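These notes concern the structure reproduced below.
Throughout, a chain's letter reflects where its sequence line sits, starting with A, and its residues are numbered from 1. Given the structure is predicted, the values throughout are model-derived calculations rather than measurements.
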Amino acid sequence: MLLSDVARASEEIAATRSRSAKTAVLAGVFRAAGPDEAPIVIPYLAGRLPQRRTGVGWSTLRDVPAPAAAPSLTVGDVDRALTAIAAVAGPGARAERRRLLDGLLGAATEREQHFLLRLIGGELRQGALDALAVEGLAAATGAAPEEVRRAVMLGGSLGAVARALLADGPGAPAGFRLEVGRPVLPMLARSAKDVDEALDRLGPCAVEEKLDGVRVQVHRDGGDVRVFTRTLDEITGRLPELVGAALELPVSSVVLDGEAVALDAAGRPHAFQDVAGRVGTRTEGAGTKASTLPLSAVFFDVLAVEGRELLALPTAERHAVLARVVPESLRVRRLVVADPSDETARASARDFAADVLRDGREGVMLKALDAAYVAGRRGAAWLKVKPVHTLDLVILAAEWGHGRRHGRLSNLHLGARRPDGSFAMLGKTFKGLTDDMLAWQTDRLGSLAVSDDGYVVRVRPELVVEIAFDGLQRSSRYPAGVTLRFARVVRYREDKGPEEADTVETVLGFLP
DNA sequence: TTCCGACAGTGGGGTCGCAAT
DNA sequence: ATTGCGACCCCACTATCGGAA
C-alpha cells in the first residue's frame, strides 16, 4: 500500500465531520491493507506511530526538504525509515536523525509530507483517533465493534487485534482476555462539583481518598512483577519499592490498580512534582533529592487474582477481594455510603472528604458499588471531587489560536497585581472558553493591543478575568516562583478594574 | 423531539535524559 | 556547566455526532 493512499484517506477523513463517514473511509483503507500493512496503517490513521518514540519533534520538523514529484513510498518504507530513526543514539545522533528524516521526507510528495509531518509531530488532527479506528477495523472485518473495542482495551494494541482479526476472522477479538503481565487500559473518572452532586448521580457508592501521584498498574505473576503507567509504559525498573511490596502480598498472581505516592514520616503526601520527578528518574541514586524520594503504593482496585479475571464483578465485590489480598496500609482509605438518601450517611461522606483534605489529599473519588471495571473508559461510575479555588487576574497578553481557534486570540497570559502596580505573570490558560467568549475576547483584546509579533499579542493590563485552579506549584519560569495548576477561565469580570485584581500576596496565600 | 455518552481538539506546567553548545 | 529538545507525568474544558430516551 502506498503512503499516498493513506494520506489521501486522512484528508477525506478530515474533510467530513460525520463520524460514520470517517469510519467508512477508515474501513475502506483497512480492507485494502495487506496483513503486513494493517498493523502499520491502522495506527497511522489513529494518529499514532508503532514506534512510539522517534526522537523527532517539532523542532526537527521545522525544516523540510523539497518534495518528490510522484508518490513512490509504501507504508512499509515509511515504517522501516522511522524504526531506523528511532534507533539512532549517541554522539552525532541529531545530525544522523536529520539525515534519515530528510531522506524520508525527500521521497515524499507534498501531500505525503503534509501527512507525515503531522503524524510524526503527533498532531494529525483529522477528527479520528483510536475510537474511530476501532469502529473502522470492526466494519472492515465484520467483527462486532464492542468486541473489538474490548479486545483493544484488554491489552491487545490496535495492531495486535488487527493481526488476530486477519489471521482468525471476526471471532478473534472474543479470544482476548486479561493476561497477567500485559497491561490493561485503566478505567478513568469524570468530575463532579461536590460530594453531594456525586452522591446524587451515583446512588450507593464508596468514597475514597484521592492521592496526587502517578497512576500505576501492578502485575505479579509468581516472582515476576511488572509496573505500568496510565499510558501503559512499563516503569518496573524505576519503582523497586513497588516491586518489593507486590512480592510480599499473600498471593501468587494478581493485577492491582493504584497510585504511586510519596508520604513523609507523618503520613502526609509530598507534592506531585516530587513524585513525578522520582518516577521519571531512570538512573539509580543520581544524588538529587527527587531520585532518592522513597515511593509507596496505595491500591484501590484489583482486576485479577490467582488466574481469575474480576473486571465484570461489581465494585463492591472487587473491593472485598482487594481487602483480602492487600493489607490495609497499602489500600486507600474508604467509606461506603450504602444509602445516599440518608442525610446522616451524606454528612459522614462530607466529613470524610473534609478529613482527607486536611491530611493533604487531593480530594475524593466516589465509585458506584454496582459498577464493573470498564477498561479504557471514562465512565459515569467513577466521579472525582477536588476543591476548586478562584482568583481575579489581569490579562497581560494572548496568543493566536490554532486549528478551530485559528484567527482567534486563545491562550491568555495571566498576571497578579504587585504593590507597585505592575503585574507578575502566573501562567497561561486556554480552557473554559466558549466560541462566543473567544470571539468576544479577540475583539476586546484587539482594542487593548500594544504589540503583535504574529504569535503573541501584548495588551494594556486592563481586562480582569476570574480563573479557577486546583492549587499552586513551584515554578522556575514565572517571577513569583509559583504557577497555577490546571488554570481555566470561569468568566470575565468587566465589573472590576485591574486595580481590584488579586495580588501576588493573595496568590501566595494558597500555598499549602 | 430532546437528551446525553463518547470523542476529539486545544492547549497548560514540570521534570528527566540526552546531545549539543 | 548550561541549554534546548523530546518524551511523558499530571490534566480541564467545549463542541459535536449520533444513538438513547
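- A:Lys386 comes within contact range of the sugar-phosphate backbone alone, with a heavy-atom separation under 4.0 Å but no base atom that close.
- For A:Thr229, a side-chain nitrogen or oxygen approaches OP1 or OP2 of C:dC9 to under 4.0 Å.
- Side-chain N/O atoms of A:Thr434 include none lying less than 4.0 angstrom from OP1 or OP2 on C:dC13.
- Side-chain atoms of A:Glu234 and A:Thr236 include a donor-acceptor pair closer than 3.5 Å.
- Within 4.0 Å of A:Val56, counting heavy atoms only, lie sugar-phosphate atoms of the nucleic acid but no base atom.
- In this structure B:dC7 sits in no base pair that meets the Watson-Crick or G-U test at under 3.5 Å.
- At the phosphate of C:dC13, neither OP1 nor OP2 sits under 4.0 Å from any side-chain N or O atom of A:Ser191.
- A:Arg190 places its CZ atom 16 Å from the P atom of C:dC11, with the value rounded to the nearest Å.
- A donor atom on one side chain and an acceptor atom on the other are found under 3.5 Å apart for A:Thr231 and A:Thr229.
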Under 3.5 Å, which donor-acceptor pairs link side chains of residues 152-160 of chain A to any protein atom two or more places apart or in another chain?
from: A:Ser157; atom 1: OG; to: A:Ala160; atom 2: N; distance (Å): 3.2

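- For the OP1/OP2 pair of C:dC9 and a distance below 4.0 Å, the side-chain nitrogens and oxygens of A:Arg278 include no atom meeting the criterion.
- A search for side-chain hydrogen bond (donor to acceptor under 3.5 Å, both in side chains) contacts involving A:Arg488 returns A:Asp470, not counting sequence neighbours.
- Between A:Asp257 and A:Arg215, at least one side-chain N (NZ, or NE/NH1/NH2) sits under 4.0 Å from a carboxylate O, which counts as a salt bridge.
- DNA chain C is contacted by A:Lys210, A:Gly213, A:Val214, A:Arg215 of residues 203-216 of chain A, taking any non-hydrogen atom closer than 4.0 Å.
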In a table with atom names and distances, give each donor-acceptor pair under 3.5 Å that connects a side chain of residues 81-89 of chain A to protein atoms at least two apart or in another chain.
from: A:Thr83; atom 1: OG1; to: A:Gln51; atom 2: NE2; distance (Å): 2.8
from: A:Thr83; atom 1: OG1; to: A:Asp79; atom 2: O; distance (Å): 2.9

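- Distance from the side chain of A:Arg230 is smallest for C:dC10 among the nucleotides C:dC8, B:dA8, C:dC10.
- Rounded to whole Å, atom P of B:dA6 lies 9 Å from atom CZ of A:Arg149.
- Note on A:Trp58: a side-chain N or O is less than 4.0 Å away from OP1 or OP2 of C:dG6.
- Ring geometry for A:His389 versus A:Phe469: interplanar angle of 30 to 60°, hence tilted.
- With salt bridges taken as basic N to acidic carboxylate O contacts below 4.0 Å, one links A:Arg111 and A:Glu11.
- C:dC9 atom P lies 8 Å from atom CZ of A:Arg52, rounded to whole Å.
- Taking atom CZ on A:Arg282 and atom P on C:dA7, their separation rounds to 12 Å, with Å as the unit.
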Shorter than 3.5 Å, N or O on both sides, protein versus nucleotides 17-21 of chain C: list them out with atom names.
from: C:dC17; atom 1: OP1; to: A:Arg17; atom 2: NE; distance (Å): 3.0
from: C:dC17; atom 1: OP1; to: A:Arg17; atom 2: NH2; distance (Å): 3.2
from: C:dC17; atom 1: O3'; to: A:Arg19; atom 2: N; distance (Å): 3.3
from: C:dC17; atom 1: O2; to: A:Arg19; atom 2: NH1; distance (Å): 2.9
from: C:dG18; atom 1: OP1; to: A:Ser18; atom 2: OG; distance (Å): 2.9
from: C:dG18; atom 1: OP1; to: A:Arg19; atom 2: N; distance (Å): 2.9
from: C:dG18; atom 1: OP1; to: A:Ser20; atom 2: N; distance (Å): 2.9
from: C:dG18; atom 1: OP1; to: A:Ser20; atom 2: OG; distance (Å): 2.8

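- Contacts of A:Arg190 classified as side-chain hydrogen bond (donor to acceptor under 3.5 Å, both in side chains), with partners at least two apart in sequence or in another chain: none.
- Sequence order on DNA chain C of the closest nucleotides to A:Arg238 and A:Lys384 puts A:Arg238 first from the 5' end.
- Salt-bridge check for A:Arg474 with A:Asp274: passed, with a basic side-chain N closer than 4.0 Å to an acidic carboxylate O.
- Every residue two or more places apart in sequence or in another chain that forms a ring pair (Phe, Tyr, Trp, His ring centres under 6.0 Å) with A:Tyr373 is listed here: A:Trp382.
- Atom NZ in A:Lys22 sits roughly 15 Å away from atom C1' in B:dA6 (whole-Å rounding).
- Screening A:Leu211, A:Val214, A:Asp212 for a side-chain contact (heavy atoms from CB on, under 4.5 Å) involving A:Val275 leaves a single residue, A:Val214.
- Screening residues 50-61 of chain A for salt bridge (charged side-chain N to carboxylate O under 4.0 Å, His left out) gives A:Arg52-A:Asp233 as the qualifying pairs, with residues at least two apart or on separate chains.
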Can you pull every protein N or O that's under 3.5 Å from an N or O on nucleotides 10-14 of chain B?
from: B:dT10; atom 1: OP1; to: A:Arg404; atom 2: N; distance (Å): 2.5
from: B:dT10; atom 1: OP2; to: A:Arg125; atom 2: NE; distance (Å): 2.7
from: B:dG11; atom 1: OP1; to: A:Ser410; atom 2: OG; distance (Å): 3.4
from: B:dG11; atom 1: OP2; to: A:His402; atom 2: N; distance (Å): 2.4
from: B:dG11; atom 1: OP2; to: A:His402; atom 2: O; distance (Å): 3.1
from: B:dG11; atom 1: OP2; to: A:His402; atom 2: ND1; distance (Å): 3.2
from: B:dG11; atom 1: O3'; to: A:Asn411; atom 2: ND2; distance (Å): 3.1
from: B:dG11; atom 1: N2; to: A:Lys431; atom 2: NZ; distance (Å): 3.3
from: B:dG12; atom 1: OP1; to: A:Asn411; atom 2: ND2; distance (Å): 2.2
from: B:dG13; atom 1: OP1; to: A:Tyr478; atom 2: OH; distance (Å): 2.5
from: B:dG14; atom 1: OP1; to: A:Ser475; atom 2: OG; distance (Å): 2.4
from: B:dG14; atom 1: OP2; to: A:Arg477; atom 2: NE; distance (Å): 3.1
from: B:dG14; atom 1: O3'; to: A:Gln273; atom 2: NE2; distance (Å): 2.8

Dump the pairs, protein N or O against N or O of nucleotides 19-21 of chain B, anything under 3.5 Å, distances to one decimal.
from: B:dA19; atom 1: OP1; to: A:Gly90; atom 2: N; distance (Å): 2.6
from: B:dA20; atom 1: OP1; to: A:Gly92; atom 2: N; distance (Å): 3.2
from: B:dA20; atom 1: OP1; to: A:Ala93; atom 2: N; distance (Å): 3.4
from: B:dA20; atom 1: OP1; to: A:Arg94; atom 2: N; distance (Å): 3.4
from: B:dA20; atom 1: OP2; to: A:Gly92; atom 2: N; distance (Å): 3.0

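- When the P atom of C:dG6 is taken as reference, atom CG of A:Leu49 falls 14 Å away, rounded to whole Å.
- When rounded to the nearest whole Å, the span between CZ of A:Arg48 and P of B:dA8 equals 11 Å.
- The salt bridge (charged side-chain N to carboxylate O under 4.0 Å, His left out) analysis of residues 20-30 of chain A, with sequence neighbours excluded, yields no pairs.
- By the ring pair (Phe, Tyr, Trp, His ring centres under 6.0 Å) test, A:Trp440 is found to be paired with A:Tyr492, residues two or more places apart in sequence or in another chain being considered.
- To the nearest angstrom, P of C:dA12 lies 8 Å from CZ of A:Arg378.
- Of the residues near DNA chain C, A:Arg62 and A:Asp436, the one whose nearest nucleotide (by heavy atom distance) lies more toward the 5' end is A:Arg62.
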